[in-house]
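Whatever order the structure lists ligands and atoms in, that order sets their numbers, starting from 1. By convention here, the first residue in the shown sequence is residue 1. Quick caveat: nothing in here was measured; it's all calculated off a predicted structure.
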Amino acid sequence: MRDGRGRGPRKLTRRALLRYGLMGSALAVTGGLGALVQGCTLRGHGQAPGVVRALQETFLPDVEIALRARPAQLALRPEGPPTPVWRYEVEVLRGPSEAVRALPDTYLGPILKLRRGQRVRVRFRNELPEETIVHWHGLHVPAVMDGHPRYAVGPGGEFVYEFAVVDRAGTYWFHPHPHRRTGPQVYRGLAGLLLVSDPQEEALGLPADEFDVPLVLQDRTLDAANRLVYAQGGMGGMGNMLGFLGDEIWVNGRPTTEFALRVARHPYRLRVLNGSNSRIYKLAWGDGTPLTVIGTDGGLLTSPVRRPYVMLGPGERVELWADFRAYPVGTELELVSLPFEGGMGSMGGPGTPTALPNGAGFRVLRVLVEREAPADRAVELPLQLSAPERPAPEEAVNAGRPRTFALAMTPMVGWTINGRVFEMEGVAPEETVRLGTTELWTFDNAAGAGGRRGMMGGGMGAMAAMPHPMHVHGLQFAVVGRELVDPSWGAAWESVREGFVDEGLKDTVLVMPGTRARLALRFEDFEGLFLYHCHNLEHEDMGMMRNYLVRP
Ligand code: C2O
Ligand code: CU
Ligand code: CU
């Protein structure tokens with residue numbers, strides 16, 4: 001292939017794979033769709049420098065795509081110079097061309113549209129000036145295919161992914177995952193949606209094609225020369241501790257000052273992804289109409305639920321049913337984020353000056369009902385949507401004593417999980433689980449807030465809490481409980497508590513300060529090292545991320 005200049009791309013040797021304990025990591029599969037990945041072996045492929053290939057001997061892809069991450073220039077404002085961005089570009093090499101749908105005028109990557117059961121090969125090439133790797137957020141894939149930072153490839157490097165899509169129909173996404181650089185890389189534009197469909201979902205007749213609309217919510221700051229500004233509060237300043245917040249809300253990789261969503265009088269399926277680095281949304285309709293939620297991170301719910309608003313932390317997805325037949329042509333609606341408390345945590349001191357604090361109220365998107373619907377078919381909201389198999393808490397091997405992960409600010413260290421920060425291959429005994437088991441985990445965001453106040457004395461303790469959107473790689477879990485532990489966060493809790501949609505499957509759970517969330521997780525099919533971390537990307541880059549090991 002090509003030489004990687006500068007920091008040379010790394011190659012995974014067979015020995016390295018053995019050292020990581022990855023040989024045959026995808027072997028432990030049971031029947032069903034899992035059988036598609038049976039017989040997979042992994043090896044560093046020797047034939048081309050700079051190519052890392054997770055090659056599976058009998059792998060015949062249904063879909064093969066070339067994916068590149070590269071710099072580009074985009075006119076995002078009507079005036080002034082184009083904006084330098086980094087972007088994913090995709091080309092279908094084999095399989096249906098519908099597998100990729102480009103979005104116009106955006107830095108976002110194209111939408112990958114896959115079907116459950118497909119075998120996919122992705123030839124990823126890094127054309128950036130720094131190392132990167134691609135992660136498939138929400139998918140259940142072998143550890144070596146998951147985009148762990150230890151597989152990051154340098155400039156000019158490649159990584160070939162091969163995996164079967166065993167996931168439920170739903171809204172997933174892909175983004176970079178190199179250690180310490182995920183925040184800036186996503187911010188510059190590297191992210192894309194990955195939609196999975198299956199026959200059961202199609203049989204529901206949900207709004208499709210032009211009525212199936214992705215809404216990727218992000219916040220960005222442009223300077224006077226139309227360049228994206230990432231530094232906040234100075235290098236290493238408070239901005240880094242809190243997470244980056246942009247001055248403006250952008251949807252689908254474009255400033256929303258430049259467009260509105262133009263809809264027909266027809267039901268829509270709105271697939272909302274919070275792709276922001278650290279901003280949390282309290283999503284609602286501006287006219288007070290409740291939100292009708294049909295899906296979350298891991299696909300459709302059993303049946304639709306209504307909420308006055310929905311909390312959406314970074315990394316989370318929510319699918320909404322929006323029926324614009326209720327409005328005459330000419331109506332202008334707004335999707336908004338309502339104000340809430342606790343978004344900036346309590347850091348003591350002045351905090352970071354920001355035009356749009358986390359927890360401020362703002363408009364997300366204007367929606368214009370601009371035309372009648374085509375009269376061809378009636379679409380009604382199905383009362384039964386799907387049958388998600390949620391891991392059952394009563395089957396947990398640790399039913400009476402959940403594993404607890406304390407989320408806290410450790411002085412001189414930063415944001416930590418049980419007092420630790422990320423180590424590339426490091427995993428603690430209490431981060432080791434058995435293949436084929438169900439466990440209860442508790443993410444405890446109260447340990448740092450109230451509990452430490454006494455110990456640390458005075459104002460220091462109050463520095464210790466912020467919301468943490470906790471994400472677990474490689475699976476979809478059930479959120480089986482949330483509770484307010486520290487009453488000093490009671491008002492913040494009251495301002496968000498009706499907005500959690502825990503009925504279905506999740507891969508990311510927003511844990512507000514002073515509260516705990518309890519999850520049931522099932523570790524299936526794949527052994528090896530997987531990540532769990534805070535999806536506030538600045539927290540993640542600072543080390544609020546750990547491995548967990550699935551062992552036989
Ligand atoms: Cu969306 Cu580890 O991330
Ligand atoms: Cu992920
Ligand atoms: Cu965090």
Side-chain angles (χ1 to χ4, degrees), residues 109 132-141 143 145-152 163 167 170-183 185-187 190-194 216 218 240-245 273-280 297-298 312-317 342-345 347 358 405-410 413-417 421-422 443-445 447-449 463-477 505-513 515 517 521 529-548:
T132 193
I133 191 70
V134 183
H135 166 57
W136 317 101
H137 181 127
L139 295 194
H140 180 55
V141 296
M145 306 297 177
D146 193 49
H148 190 284
R150 69 194 189 279
Y151 302 130
F163 56 84
D167 309 272
T171 305
Y172 306 90
W173 62 305
F174 59 102
H175 63 75
H177 223 299
H179 186 36
R180 296 203 173 90
R181 296 291 296 163
T182 297
Q185 291 192 3
V186 170
Y187 186 72
L190 293 172
L193 283 169
L194 191 163
V216 179
Q218 297 175 310
N240 284 348
M241 301 294 273
L242 293 164
F244 177 84
L245 295 167
L273 159 67
N274 181 353
S276 311
N277 283 35
S278 81
R279 185 174 296 282
I280 296 162
D297 304 345
L312 204 63
E316 291 186 293
R317 288 85 71 206
M344 301 295 282
M347 297 294 291
N358 224 351
F405 300 90
L407 315 174
M409 166 63 67
T410 302
V413 179
W415 295 110
T416 53
I417 303 175
V421 290
F422 185 59
F443 286 123
D444 183 353
N445 197 7
M463 282 187 63
M466 269 193 77
H468 299 291
M470 297 304 296
H471 170 47
V472 184
H473 279 223
L475 50 76
Q476 294 289 331
F477 52 73
L505 287 161
K506 300 278 298 164
D507 56 50
T508 307
V509 58
L510 179 61
V511 191
M512 294 301 287
T515 76
L521 315 89
L529 278 188
F530 291 89
L531 298 166
Y532 69 103
H533 60 88
C534 179
H535 219 289
N536 175 319
L537 297 183
E538 285 69 39
H539 294 188
E540 173 184 340
D541 282 348
M542 277 186 281
M544 197 180 193
M545 171 159 78
R546 293 287 303 172
N547 290 306
Y548 72 95

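Ring pair Y187/F244 is perpendicular by interplanar angle, where above 60° counts as perpendicular and below 30° as parallel.
Under 2.8 Å from the Cu ion (ligand 3) lies an N/O/S atom of H468, whether from backbone or side chain. None of the N, O or S atoms belonging to H177 lies under 2.8 Å away from atom 1 (Cu) of ligand 1. Put simply, H137 gets within reach of atom 1 (Cu) of ligand 1, with an N, O or S atom under 2.8 Å from it.
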Would E538 and N277 satisfy side chain to side chain contact (heavy atoms under 4.5 Å, CB included), going step by step from the backbone distance to the final call?
CA-CA 7 Å; E538 285 69 39; N277 283 35; 2.9 Å; yes

Starting from the C-alpha separation in whole Å, work towards a yes-or-no answer on side chain to side chain contact (heavy atoms under 4.5 Å, CB included) for M545 and H179.
CA-CA 10 Å; M545 171 159 78; H179 186 36; 4.1 Å; yes

ring-ring contact (aromatic ring centres under 6.0 Å, His included) between H468 and F443, worked out:
CA-CA 9 Å; H468 299 291; F443 286 123; 10.0 Å; no

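Looking only at its N/O/S atoms, H539 has ND1 as the one nearest to the Cu ion (ligand 3).
Note: angle at atom 2 (Cu) of ligand 1, from NE2 of H533 to NE2 of H473, is 110° (rounded to 10 degrees). Geometry at atom 1 (Cu) of ligand 1: NE2/H535 and NE2/H175 form an angle of 110°, nearest 10 degrees.
The only member of H177, H473, H175 that meets ring-ring contact (aromatic ring centres under 6.0 Å, His included) when paired with H535 is H175.
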